[in-house]
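Working notes, beginning with the structure itself.
Basis for what follows: all heavy atoms, side chains included, without hydrogens, waters or symmetry-related copies. In what follows, every chain begins at residue 1, and chains take the letters A, B, ... in the order their sequences are listed.
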Amino acid sequence: MSPDAADRAADVRVQAADFDVAAEIAALRAGDARVGAVATFVGTVRDVSEGAGVATLTLEHYPGMTEKSLQAIVDEAKRRFDVYGVRVVHRVGELAPADQIVLVAVTSAHRGDAFDACRFVMDYLKTQAPFWKKEATPQGARWVEARASDDAAAQRWRR
Amino acid sequence: MSPDAADRAADVRVQAADFDVAAEIAALRAGDARVGAVATFVGTVRDVSEGAGVATLTLEHYPGMTEKSLQAIVDEAKRRFDVYGVRVVHRVGELAPADQIVLVAVTSAHRGDAFDACRFVMDYLKTQAPFWKKEATPQGARWVEARASDDAAAQRWRR
Amino acid sequence: MRDSPPVVVRLVYLARLREALGSAGESLALPPGAPARVATVLETLRARGGAFAAELGPGRAVRVAVNHAMAQADDAVGEGDEVALFPPVTGG
Amino acid sequence: MRDSPPVVVRLVYLARLREALGSAGESLALPPGAPARVATVLETLRARGGAFAAELGPGRAVRVAVNHAMAQADDAVGEGDEVALFPPVTGG
């Protein structure tokens, strides 16, 4: 595997296990002292959704497409913004309220590109990556509906 | 101390010691399952500045004003954006390349407010909080010059 | 001159759609004749009626990926392609 | 009627300005008469010439905080106020 391929292989991960934000940031920075800015986003399970209590949240995905789709988003972020590293970790399976769902971390020389790339990846992930949430509530299980605001957020980056 | 005062007292810290991003996020979230989004920014010491190598970076501040200034920025972020918690940790003293300088972490129900508030705090901190950087380089020590791009970034939030 | 054999695609149903259709996927032979497109797949399934017509009908948001890449109605599909049907995504 | 006593402020010099002026701060009595403002402080210091005139002169970016809050040239200063002079900030 070429060094480039090794780099890219570490960009995205889909896993049932939890992740450690500090460890992920440290691995992404890897002692690179060109880095001046690290922007990070963590999505977490809320205990209320559309007014109903949430007992568990189950994340289904499309194995085979998921990593490719996330990698395509990361590649596009690297093309658009002046960043050194981008890392996406997305969990699947059954989660509880307050659990971590997704991590996006970006390193750059400057904060503007780090913030932009981090937000870009989240906005695209929300509309392009094949994950689906199913909530268990006191009223029964239900699939989470996609939100128009997520489409609008991704649309803002079109050009 | 009232609960509110205790909350606010934890919003900002100025310290020589390093910080642990994961521990700061965990303390800020404090098991609050209303939180769905955590946006974090970490600024780090770059080993090159204006083309010269940087051996150490010394951060001076204005004791007495620093915490007040950071708290005012945090209060304004809480006023403008729909967020639950905001935390700022800024280091002072002598740092080495790759060291962490500053942490801004924000929790919210949704990612838009978390990203906006985090970026707002950084943009204002860069122009309003009384910190100054002095670099030790092979050509001698020099004070870092303020950047017009930082003024422009803060200006974007005026209204 | 004989007709060419029909294009057969592998269908994958995901999330709410998998539950509503009661199936995780199947092989589907597309009607011979016109070039096969994503729209051909959807029309063929809708023609079955029942849950297929209801879930893939007008006003229902269905996303399609061909060989793991998001696809549009007029994108071509070919022999052996993996065609996934699913609701709008809700991860992150 | 006697003149009121002059307003005395506590000056704090920070960062590059502290080094250039060779001082971390001092007490300064402002000239009696007109109401004392931030601009009065700067004019009084510049009138000393030397490093003060050079560092606080036209074209030099100097920021001022009165009692730990950022201040503008026409903001008032009063007896015992802490007036800090420093270059544009560069933290974060």
Side-chain angles (χ1 to χ4, degrees), chain B residues 12 14 41-46 49-50 57-73 88-93 95 100-104 118-135 141-151 153-154, chain D residues 8-28 36-38 41-42 45 50-92:
Chain B
V12 306
V14 178
F41 180 84
V42 176
T44 55
V45 181
R46 302 176 63 206
S49 169
E50 308 284 326
L57 182 71
T58 303
L59 270 145
E60 173 174 334
H61 73 125
Y62 179 14
M65 176 170 171
T66 320
E67 283 87 349
K68 282 183 208 173
S69 147
L70 293 176
Q71 186 66 57
I73 296 168
V88 179
V89 182
H90 202 299
R91 296 179 70 190
V92 292
L95 305 177
Q100 300 186 122
I101 302 170
V102 62
L103 166 80
V104 177
C118 190
R119 193 163 188 163
F120 172 87
V121 169
M122 274 308 300
D123 285 348
Y124 267 68
L125 186 156
K126 282 269 182 185
T127 58
Q128 302 290 317
F131 295 98
W132 299 272
K133 286 175 178 154
K134 190 176 191 178
E135 295 169 343
R142 64 180 182 194
W143 291 95
V144 172
E145 295 283 327
R147 304 196 317 167
S149 61
D150 286 331
D151 284 330
Chain D
V8 176
V9 297
R10 291 176 291 127
L11 296 180
V12 175
Y13 307 130
L14 292 155
R16 183 182 53 69
L17 214 52
R18 183 190 63 248
E19 291 186 352
L21 300 177
S23 165
E26 61 181 299
S27 282
L28 180 71
R37 305 192 178 281
V38 166
V41 174
L42 293 172
L45 292 172
F52 287 91
E55 292 296 329
L56 307 178
R60 300 309 297 265
V62 178
R63 301 286 184 268
V64 181
V66 176
N67 297 332
H68 302 143
M70 295 293 245
Q72 304 300 319
D74 57 356
D75 285 342
V77 297
E79 177 64 26
D81 281 354
E82 179 167 316
V83 180
L85 278 56
F86 46 80
V89 304
T90 56

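- Between B:Tyr62 and D:His68, the ring planes are perpendicular. Angles over 60° get that label, and only those under 30° would be called parallel.
- A donor-acceptor pair is defined here as one N or O able to donate and one able to accept, closer than 3.5 Å; no such pair exists between the side chain of B:Asp151 and the backbone of B:Ala148.
- For chain D, the option among B:Lys134, B:Glu145, B:Met122, B:Arg142 with the highest count of heavy-atom pairs below 4.5 Å is B:Lys134.
- Listed by sequence position, D:Val12, D:Leu14, D:Ala15, D:Arg16 are the residues of residues 9-16 of chain D in contact with chain B, using a 4.5 angstrom heavy-atom cutoff.
- Under a 3.5 Å cut-off, the side chain of D:Glu82 and the backbone N or O of D:Asn67 do not form any donor-acceptor pair.
- For B:Lys68, the part sitting under 4.5 Å from any heavy atom of chain D is the side chain, from C-beta outward, and nothing else.
- Inter-residue side-chain proximity for B:Val121 and B:Leu70 is flagged as unmet; no heavy-atom pair is nearer than 4.5 Å.
- Contact of B:Ser69 with chain D is not made at all, since no heavy-atom distance falls under 4.5 Å.
- Within the 4.5 Å cutoff, side-chain heavy atoms of D:Arg18 are placed close to those of B:Glu60.
- Looking only at side-chain heavy atoms (C-beta outward), D:Arg63 and D:Val89 stay at 4.5 Å or farther from each other.
- Inter-residue side-chain proximity for D:Asp75 and D:Val66 is flagged as unmet; no heavy-atom pair is nearer than 4.5 Å.
- With a 4.5 angstrom heavy-atom cutoff, B:Leu125 touches chain D via backbone and side-chain atoms both.
- B:Ile101 is listed as a side-chain neighbour of B:His90, based on a closest heavy-atom distance under 4.5 Å.
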